[in-house]
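Quick notes on the structure that follows.
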Amino acid sequence: MFLNEEMRFKVRSECKYDNASKPSRWVETSLLPKGIPGTAAVDLSCVWHNLEYMVCRWRPGENASSDTNYTLFYWFDGLKNHKKCNNYSMHQGIFVCIFNLSFPKVTNPYPTIRILIRDDSEEIRPVCASENPTTLVKPATPRRVTLSKINDEIYVEWSESDTFPENCLFYEVEYHSGDLDATQIIKVENNYTSIPSIDPNSRYIFKVRAKPKPECYSSKLCSDWSEEKSIGEKTDSMFHFVLIIIIPLTVAVSTIILLVYLKRLKILILPPIPDPREILKRMFGEQNEDSQSCARDDSVHAYDRLIKEEEINSLILTETPESANSEKEN
């Protein structure tokens, strides 16, 4: 029964012991919901996580004010009083409420759970929904995924949930080689499996998720994928390409450096023998230069001597008349 919708009723009377008499005419009546239209919570959805707690989400009605304080209540057969959800949050305009939910283990089948969302104000229209909890089941993500390789097989193992009855879950294992884009998915009943005929030179990546079995639950929800785990070495074509380029280049540079070093070493150990012709040319060239410089020096000295002699003669000539006059006077 939805409290945010109009409910119509029809009533008539019949004679209990006289089947020949005709029943009376139908009398219709209706019950209008309380609150302003467009203020009720919309898009209500709930998920029962790992049979431990339920998470319900909804959006406020288009005509609801921003300060509307929605409150969630729930109950089911066997619960004496309805319970209120107190763990609220809001993200990007979506209300979220989380509450613990568990049923007695002897309960089979699970009772229907009823959820009411309303506000204390009479202007906000309430919403009531009934859900089969087995359709809301979502298992927890498998944990502690381990990989091991023996010969040409890879063994995969993960932890099981403690909250589900035995044999009520199956698992999907997805894996692919690091060299290929195509993935493969295998279904297993237990919490382990093996992959035969693997390539020892490839790296394999695995992840696991859980799903409820149809014979236990009507839910089509599956758990989130586990964290990816890898095993083996991936052959990297780019790495090979880099090696093809780097190795020859390194060898070429090393060879050039070695040749230059050896050439310098050879010069130090075995210096080059000079050409005799060059030696003779340098020798005779130096002698010619020395002789020319000597000739130049001799001519300079001779010129200097000539100048000095002329100075001496001039001095003698100037002194001679004076000395003669002095003798005459005497």
Side-chain angles (χ1 to χ4, degrees), residues 1-10 28-104 107 109-141 143 161 163-164 209-212 217-227:
M1 182 176 61
F2 296 93
L3 300 182
N4 60 326
E5 297 178 358
E6 181 182 1
M7 292 180 289
R8 293 180 176 273
F9 300 91
K10 294 169 53 175
E28 294 185 9
T29 186
S30 63
L31 179 63
L32 296 175
K34 294 181 179 181
I36 300 173
T39 58
V42 295
D43 298 335
L44 173 64
S45 64
C46 297
V47 177
W48 193 15
H49 289 268
N50 206 39
L51 305 182
E52 295 178 309
Y53 61 93
M54 184 167 286
V55 179
C56 293
R57 293 178 171 86
W58 67 90
R59 293 189 301 106
E62 58 181 3
N63 294 330
S65 59
S66 58
D67 59 348
T68 301
N69 185 21
Y70 291 103
T71 305
L72 185 145
F73 299 88
Y74 67 94
W75 70 94
F76 52 85
D77 290 342
L79 194 63
K80 294 182 179 180
N81 299 312
H82 65 270
K83 290 189 176 182
K84 178 181 177 181
C85 178
N86 295 312
N87 186 8
Y88 287 94
S89 64
M90 186 176 182
H91 180 66
Q92 296 181 351
I94 299 177
F95 287 87
V96 180
C97 189
I98 304 174
F99 57 93
N100 295 329
L101 179 64
S102 60
F103 298 97
T107 301
Y110 290 103
T112 299
I113 182 171
R114 293 175 175 84
I115 297 173
L116 171 65
I117 300 176
R118 65 178 181 85
D119 185 87
D120 293 336
S121 173
E122 295 184 356
E123 295 181 353
I124 303 302
R125 186 166 291 186
V127 172
C128 185
S130 298
E131 298 287 352
N132 177 2
T134 65
T135 64
L136 309 177
V137 174
K138 181 177 181 177
T141 304
R143 306 293 182 185
S161 174
T163 59
F164 280 83
R209 70 179 179 183
K211 282 188 173 183
Y217 305 99
S218 303
S219 175
K220 298 186 180 299
L221 300 176
C222 55
S223 73
D224 296 331
W225 286 105
S226 67
E227 181 182 357

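Values below: all heavy atoms of this structure, side chains included; hydrogens, waters and symmetry mates excluded.
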First locate atom [atom1] of [X], then atom [atom2] of [Y], and finally report the distance between them rounded to the nearest 0.5 Å.
X	Y	atom1	atom2	result
Y88	I98	OH	CD1	12.0 Å
S130	I115	OG	CD1	9.0 Å
F99	L72	CZ	CG	5.5 Å
C97	F73	SG	CZ	10.0 Å
T134	F103	OG1	CZ	9.5 Å
L44	L116	CG	CG	10.5 Å

| Shortest non-hydrogen contact from P60 to G93? | CD-O, 3.3 Å

| task | Please report the shortest heavy-atom distance between A40 and P126, naming the atom on each side. | result | CB-O, 4.3 Å

| Validation row: F164, V137 side chains within 4.5 angstrom (heavy atoms) | yes

| request: Check each of R209, K211, K138, R143 against D224 using the salt bridge (Lys or Arg N to Asp or Glu O under 4.0 Å) test, and report the only one that passes. | output: K138

| said: Please check this pair: side chain of T39 against backbone of R125, looking for a donor-acceptor N/O pair closer than 3.5 Å. | reply: yes

| task | Report the C-alpha separation of Y110 and Y217 in whole Å, then their side-chain angles, then the decisive distance to 0.1 Å, and conclude whether the side-chain contact (heavy atoms from CB on, under 4.5 Å) test is met. | result | CA-CA 10 Å; Y110 290 103; Y217 305 99; 3.7 Å; yes

Could you give the side-chain donor-acceptor pairs of residues 45-59 under 3.5 Å, partners two or more places apart or in another chain?
| residue | atom | partner | partner atom | Å |
| --- | --- | --- | --- | --- |
| W48 | NE1 | L101 | O | 3.2 |
| N50 | OD1 | A140 | N | 3.3 |
| N50 | OD1 | S161 | OG | 3.0 |
| N50 | OD1 | T163 | OG1 | 3.3 |
| N50 | ND2 | E52 | OE1 | 3.3 |
| N50 | ND2 | T163 | OG1 | 3.3 |
| R59 | NE | D43 | OD2 | 2.8 |
| R59 | NH2 | D43 | OD2 | 2.5 |

| note | Residues pairing under side chain to side chain donor-acceptor pair (under 3.5 Å) where one sits in residues 68-83, two or more places apart or in two chains, turn out to be S65-T68

